[in-house]
Amino acid sequence: MKRLRNGLAVPKAIEIVEENGVRVLQIGGDAIQSAMRLDAPDMLELDYVRAMMSFLLFCPRPRQILMLGLGGGSMARFIHQRMPDARLAVVEIDPGVVTVARKYFRFPEEDERLEVVIGDGAAAVARRPASCDVLVVDGFVNGSVAGSLCTRSFYEAAFSALRPQGVMVANFMADDGKLERHCARIEKAFGRAPILLLAEEQDNLIAFAVRGGPPRLAWSQLRARARASNALFGLELGECLAALKERNPGTGRFLDL
């Protein structure tokens with residue numbers, strides 16, 4: 001989710017905007033849920049979505065990804081297209097959002113690598129212990145993180161849903177007054193503080209929490225993973241490294257996890 005300005009109505013408080021060659025999805029409140037450039041629909045248009053894909057720095061070859069919140073499906077579509085070795089399950093509470101994503105944002109139909117579940121994301125996570133390498137949390141209600149997706153019990157379930165050395169990536173608004181509480185709950189559930197990344201336009205703060213694994217990663221290893229992500233998936237993750245170094249503890253050689 002990202003802030004928005006104006007809109008053009010579609011049913012159920014779902015709005016579509018087209019401006020300067022970009023189609024935008026808005027679902028209630030003053031927020032962008034997804035965006036697609038019409039002449040480059042396979043690219044990731046929004047800065048926060050590109051930042052969330054930095055999970056590849058911590059889990060470079062995920063086999064199973066669980067995503068909470070679909071929006072227009074840009075991130076899910078990108079993963080499905082560019083990462084053929086990964087299976088993806090998306091949980092979306094509103095079936096109308098799935099319909100709009102397929103009609104207006106080229107979100108694909110289900111196949112052997114893509115599962116779409118209509119239901120509550122927190123409940124789905126609790127039912128899937130040790131099921132995923134990456135858990136993507138991007139569910140908002142009226143401009144704020146969905147209440148069920150930021151509780152202590154949710155983060156405990158998220159920890160349990162990840163396989164060893166798996167990573168949860170969660171999207172927050174950078175001006176969320178409860179950020180400190182959210183991060184404290186993540187730290188309590190995971191046994192370590194989340195790694196924070198401010199997205200390029202500084203509207204969104206992305207939190208990464210790793211289940212187990214080493215206490216730190218060398219910046220040289222992270223740079224190598226960024227280069228690999230560029231070569232394999234066309235993602236410029238190298239630009240995120242400076243932002244990670246600025247906000248998180250570590251040394252000139254290592255990022256503390």
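- L222 has its side chain within reach of L255: a pair of non-hydrogen atoms, C-beta onward, lies under 4.5 Å apart.
- Counting only heavy atoms from C-beta outward, the side chains of M67 and M75 approach each other to under 4.5 Å.
- Looking at every heavy atom in both residues, V24 comes nearest to F105 through C-CZ, 3.7 Å.
- Judged by distance alone, with hydrogens and angles left aside, the side-chain atoms of Q165 form no donor-acceptor pair with the main-chain N or O of G213 at under 3.5 Å.
- How far CD of E45 is from CE of M36: 10.0 Å, rounded to the nearest 0.5 Å.
- Pairs passing the side-chain hydrogen bond (donor to acceptor under 3.5 Å, both in side chains) check and including a residue from residues 111-125, sequence neighbours excluded, read H80-D111, E115-R128.
- Distance check: R61 CZ to D85 CG gives 7.0 Å after rounding to the nearest 0.5 Å.
- For the side-chain hydrogen bond (donor to acceptor under 3.5 Å, both in side chains) test, no residue two or more places apart in sequence or in another chain qualifies with N248.
- Closest heavy-atom contact between A86 and I65: CB-CD1, 4.3 Å.
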TODO: Might you work through the side-chain contact (heavy atoms from CB on, under 4.5 Å) test for N171 and F140, ending with a clear yes or no?
DONE: CA-CA 9 Å; N171 178 30; F140 284 75; 3.5 Å; yes
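- Under the side-chain hydrogen bond (donor to acceptor under 3.5 Å, both in side chains) criterion, the residue pairs touching residues 146-164 are D133-R163, T151-S153, R152-E156, with sequence neighbours excluded.
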TODO: Start with the C-alpha distance between L149 and L68, add both sets of side-chain angles, then the distance that settles side-chain contact (heavy atoms from CB on, under 4.5 Å), and finish with yes or no.
DONE: CA-CA 9 Å; L149 301 183; L68 310 183; 3.9 Å; yes
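- Within the 4.5 Å cutoff, side-chain heavy atoms of I186 are placed close to those of M168.
- Partner of L205 under the side-chain contact (heavy atoms from CB on, under 4.5 Å) criterion, chosen from D175, L197, L179, D176: L179.
- Proximity of a side-chain donor or acceptor of R50 to a complementary backbone N or O of L44 within less than 3.5 Å is detected.
- Salt-bridge check for R192 with E187: failed, with every basic side-chain N at 4.0 Å or more from each acidic carboxylate O.
- Taking both residues in full, the closest heavy atoms of V90 and A76 are given as CG2-CB, 4.1 Å, listed atom of the first, atom of the second, then distance.
- In this structure, the ring pair (Phe, Tyr, Trp, His ring centres under 6.0 Å) partners of F58, at least two apart in sequence or on a different chain, are F208.
- Cluster membership check: V98 does not share its hydrophobic cluster with I93, using side-chain heavy-atom separations under 4.5 Å among Ile, Leu, Val, Met, Phe, Trp and Tyr.
- Within the structure, every pair that satisfies the ring pair (Phe, Tyr, Trp, His ring centres under 6.0 Å) test and touches residues 164-185, not counting sequence neighbours, is listed here: F172-H182.
- Using a 4.5 Å heavy-atom cutoff, the side chains of N204 and M52 are not in contact.
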TODO: Output, in order, the C-alpha distance, side-chain angles, deciding distance and verdict of side-chain contact (heavy atoms from CB on, under 4.5 Å) for R247 and L198.
DONE: CA-CA 8 Å; R247 187 168 288 268; L198 188 64; 3.7 Å; yes
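- Annotation for L162 and A209: closest pair CD1-O, 4.3 Å, computed over non-hydrogen atoms.
- The line from CG of L244 to CG of L196 is 9.0 Å long, rounded to the nearest 0.5 Å.
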TODO: Determine, stepwise, if the pair Q26 / Q33 fulfils side-chain contact (heavy atoms from CB on, under 4.5 Å).
DONE: CA-CA 5 Å; Q26 178 185 6; Q33 299 288 338; 5.8 Å; no
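- Using modelled atom types, one side-chain atom of D47 and one backbone atom of E201 make a donor-acceptor pair closer than 3.5 Å.
- A cation-pi arrangement, defined by a distance under 6.0 Å to the six-membered ring centre and an angle within 45 degrees of its axis, is present between R216 and F254.
- For the atom pair CG (L88) and CG (L66), the distance works out to 8.5 Å, reported to the nearest 0.5 Å.
- Cluster annotation: L232 and M43 are assigned to distinct hydrophobic clusters (Ile/Leu/Val/Met/Phe/Trp/Tyr, side-chain heavy-atom contacts under 4.5 Å, transitive).
- Rounding to the nearest 0.5 Å gives a distance of 12.0 Å between CZ of R211 and CG of L135.
- With hydrogens and angles disregarded, no donor-acceptor distance shorter than 3.5 Å links the side chain of R37 to the backbone of R23.
- Linking Ile, Leu, Val, Met, Phe, Trp and Tyr whenever their side-chain heavy atoms come within less than 4.5 Å puts L114 and M83 in one cluster.
- Counting heavy atoms from C-beta outward, P95 and I118 have side chains that approach closer than 4.5 Å.
- Note: R225 CZ to S54 OG = 12.5 Å, rounded to the nearest 0.5 Å.
- Contact check for F233 versus I79: no side-chain heavy atoms found under the 4.5 Å cut-off.
- Not one N or O on the side chain of W219 forms a donor-acceptor pair closer than 3.5 Å with the backbone of L241.
- Here the closest heavy-atom approach between residue D138 and residue Y48 is recorded as OD2-OH, 3.0 Å.
- The two residues P62 and F55 make their nearest non-hydrogen contact at CG-CE1, 4.1 Å.
- When the ring pair (Phe, Tyr, Trp, His ring centres under 6.0 Å) test is applied to F159, the partners found at least two apart in sequence or on another chain are F190.
- Without hydrogens or angle criteria, E92 side chain to L70 main chain gives a donor-acceptor distance under 3.5 Å.
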